Amino acid sequence: MLITIEGIDGCGKSTLTKGLGDALADLSPLFTREPGSTWIGDQVRRGIAEEIDPIAEALLFVADHAAHLAEVIRPALAESRLVISDRYSDSRYAYQQVTLAPYLHDPLLWLRSVHGSWTRQPDRTYLLIIPVEDALERLDGKDGREHFEQGVVLEQVQKNYLLLAEEDPQRFVLVDALQEKEKICSFIAGDIRQLFQSSQ
Ligand code: TMP
């Protein structure tokens with residue numbers, strides 16, 4: 001079963017993922033992420049840091065996704081494992097829709113057509129929602145902001161996420177990221193456990 005965790009920078013995904021590691025340890029989940037599960041992920045991070053051309057950047061994210069699926073996700077799913085990915089295709093649909101807007105007539109359509117025939121849809125996606133000003137406050141403690149981590153960009157990215165969730169309410173679960181982190185973690189862990197056990 002494939003679970004994904006999504007949300008804007010500063011929404012608390014990393015803390016949540018750590019918490020889920022403890023809460024779901026008995027199910028031996030495989031934790032993975034985009035970008036970064038293969039060597040292509042390192043090139044993506046370089047691309048982000050160097051602020052390369054947005055189309056090149058988008059295609060690097062897609063290349064990382066293809067390698068991630070082939071090398072990490074599909075083999076684990078073939079063994080019926082619980083796979084939890086910190087970011088996945090919805091990150092592309094939400095973020096690259098913003099960065100590609102000046103270059104393409106319909107970035108979402110383009111991004112979907114690039115993934116469409118070969119990606120694997122998540123079984124459930126938890127979307128952490130947070131007011132952008134709170135996310136920026138959390139990011140202020142971090143050294144050097146990536147170009148995505150600007151208020152106007154994150155505002156649009158979060159809107160895109162909400163539209164994606166509206167389109168697919170069966171898959172998305174919206175979570176208020178301002179709640180206590182223990183509460184968020186135990187709610188999501190309980191939901192994943194139930195879903196995973198009912199699929200066995
Ligand atoms: P991270 O902070 O979760 O490691 O992700 C790095 C940045 O890359 C973050 O600002 C979100 C962005 N990103 C995209 O723009 N598109 C994508 O497809 C992915 C996976 C991440």
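Note that ligands are numbered from 1 as they come in the structure, with each ligand's atoms numbered from 1 the same way. It should be emphasised that the depicted structure is a prediction, and the values quoted were computed from it without experimental measurement.
- A donor atom on one side chain and an acceptor atom on the other are not found under 3.5 Å apart for T32 and S85.
- For the residue pair S89 / H65, a side-chain donor-acceptor distance below 3.5 Å is found, with atom types taken as modelled.
- Among residues at least two apart or in separate chains, side chain to side chain donor-acceptor pair (under 3.5 Å) pairs with a member in residues 93-107 are D9-Y95, R87-Y95.
- Within 4.0 Å of ligand 1, counting heavy atoms only, the contacting residues are D9, K13, R33, E34, P35, R45, I48, F61, R87, S91, R92, Y95, Q96, E146, F148.
- Between the side chains of S91 and Y161, at least one donor N or O sits under 3.5 Å from an acceptor N or O.
- The side chain to side chain donor-acceptor pair (under 3.5 Å) test applied to D26 returns R193, not counting sequence neighbours.
- Contacts classified as side chain to side chain donor-acceptor pair (under 3.5 Å) and involving residues 10-23 (residues at least two apart or in different chains) are given here: K13-D86.
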